[in-house]
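Source: prediction; values computed, not measured.
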Amino acid sequence: MTPTTAPAARLTAADLTLADAEALIGFIDSKVSGVLAEHRHETDAWKAALGLSIALNSGAKRVREAYGRADQSPETVQARFRQWNRLAVLALGWAKDPGYDERWKPVNHPDAEGAALFAALTGRRHPAAPA
């Protein structure tokens with residue numbers, strides 16, 4: 001499975017794939033591993049990176065489980081939405097770094113149906129792709 005090529009501004013959790021999640025996990029892991037390697041054990045930077053590494057491993061397990069499901073049930077769609085966003089927020093500090101993909105930001109809606117419902121209830125459309 002390959003990462004999605006949809007524009008970042010229109011993505012929902014349903015547009016993303018396990019390959020997208022794996023790419024994001026790999027990016028975060030490379031950043032965290034670099035910090036762990038550059039700092040001595042027991043420094044504050046090392047401890048912070050260790051905590052992020054533990055959070056990443058936990059989040060990676062949950063997002064892989066959600067995107068590994070074959071069904072498209074409402075529960076699966078919601079699980080993907082929640083788990084993607086939990087993982088995506090871990091990378092926000094690197095959003096301007098080389099290698100960061102704009103598609104890795106948290107998404108606003110679980111799927112197109114959720115985006116349409118949001119638009120109907122609020123009168124606001126799902127964000128359009130940048131011009």
Side-chain angles (χ1 to χ4, degrees):
M1 184 171 290
T2 59
T4 184
T5 57
R10 294 185 186 166
L11 287 179
T12 67
D15 296 321
L16 298 162
T17 66
L18 182 57
D20 291 309
E22 292 296 349
L24 178 54
I25 292 164
F27 176 81
I28 298 168
D29 185 58
S30 70
K31 295 295 189 177
V32 172
S33 295
V35 173
L36 288 171
E38 291 173 13
H39 293 275
R40 290 186 341 238
H41 294 282
E42 302 306 318
T43 63
D44 284 344
W46 186 87
K47 290 174 186 178
L50 179 62
L52 184 52
S53 178
I54 292 166
L56 174 61
N57 288 336
S58 175
K61 179 181 176 183
R62 289 191 307 264
V63 80
R64 286 176 176 137
E65 192 277 327
Y67 277 95
R69 295 180 193 168
D71 71 276
Q72 297 298 320
S73 69
E75 294 81 12
T76 294
V77 171
Q78 286 297 318
R80 289 175 179 169
F81 176 63
R82 283 190 313 274
Q83 299 311 327
W84 174 265
N85 282 345
R86 286 179 180 153
L87 182 65
V89 297
L90 296 179
L92 287 177
W94 293 291
K96 296 190 186 305
D97 284 17
Y100 181 88
D101 190 317
E102 287 297 311
R103 296 172 305 119
W104 293 341
K105 291 187 175 175
V107 296
N108 293 323
H109 305 287
D111 56 13
E113 184 179 331
L117 180 60
F118 173 82
L121 292 173
T122 65
R124 296 184 347 216
R125 294 176 46 115
H126 182 63

Handout entry: Residues forming a side-chain contact (heavy atoms from CB on, under 4.5 Å) with Ala45, sequence neighbours excluded
Key = His39, Thr43
Hydrophobic clustering (ILVMFWY, side-chain heavy atoms < 4.5 Å, transitive) - are [Y] and [X] grouped together?
X: Trp46; Y: Val35; value: no
X: Phe81; Y: Leu92; value: yes
X: Leu90; Y: Trp104; value: yes
X: Ile25; Y: Ile54; value: yes

Can you tell me how far the [atom1] atom of [X] sits from the [atom2] atom of [Y], to the nearest 0.5 Å?
X: His109; Y: Leu11; atom1: NE2; atom2: CG; answer: 11.5 Å
X: Leu18; Y: Arg80; atom1: CG; atom2: CZ; answer: 9.0 Å
X: Leu24; Y: Asp101; atom1: CG; atom2: CG; answer: 9.0 Å
X: Asn57; Y: Arg62; atom1: CG; atom2: CZ; answer: 11.0 Å

Problem - Contact check, side chains of Gln72 and Asp111, non-hydrogen atoms, under 4.5 Å - result: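 No - every pair of side-chain heavy atoms lies 4.5 Å or more apart.
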Problem - Beyond-backbone contact of Leu87 with Ile28, side-chain heavy atoms, under 4.5 angstrom - result: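 Yes - at least one pair of side-chain heavy atoms lies under 4.5 Å apart.
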Practice task
Report, as yes or no, whether the 6.0 Å neighbourhood of atom NZ on Lys61 holds more than 12 heavy atoms from other residues, nucleotides or ligands.
Solution key: no
Restricting to non-hydrogen atoms, name the atom on [X] and the atom on [Y] that form the minimum distance, rounded to 0.1 Å.
X: Asp20; Y: Arg103; value: OD1-NH1, 2.8 Å
X: Ala49; Y: Leu36; value: CB-CD2, 3.7 Å
X: Pro110; Y: Gln78; value: CG-NE2, 3.4 Å
X: Ser53; Y: Val32; value: CB-CG1, 3.7 Å
X: Pro106; Y: Ala88; value: N-CB, 3.7 Å

Handout entry: Glu22/Arg64 under side-chain contact (heavy atoms from CB on, under 4.5 Å): CA gap, chis, key distance, verdict
Key = CA-CA 8 Å; Glu22 292 296 349; Arg64 286 176 176 137; 2.7 Å; yes
Practice task
Kindly determine whether Asp97 and Lys31 satisfy side-chain contact (heavy atoms from CB on, under 4.5 Å), including the steps that lead there.
Solution key: CA-CA 10 Å; Asp97 284 17; Lys31 295 295 189 177; 3.2 Å; yes
Problem - Lys/Arg-Asp/Glu bridge criterion (N-O < 4.0 Å) met for Arg69, Asp71 - result: no
Problem - Ring geometry between Phe27 and Tyr100 (parallel below 30°, tilted from 30 to 60°, perpendicular above 60°) - result: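 Tyr100 vs Phe27 ring planes: perpendicular.
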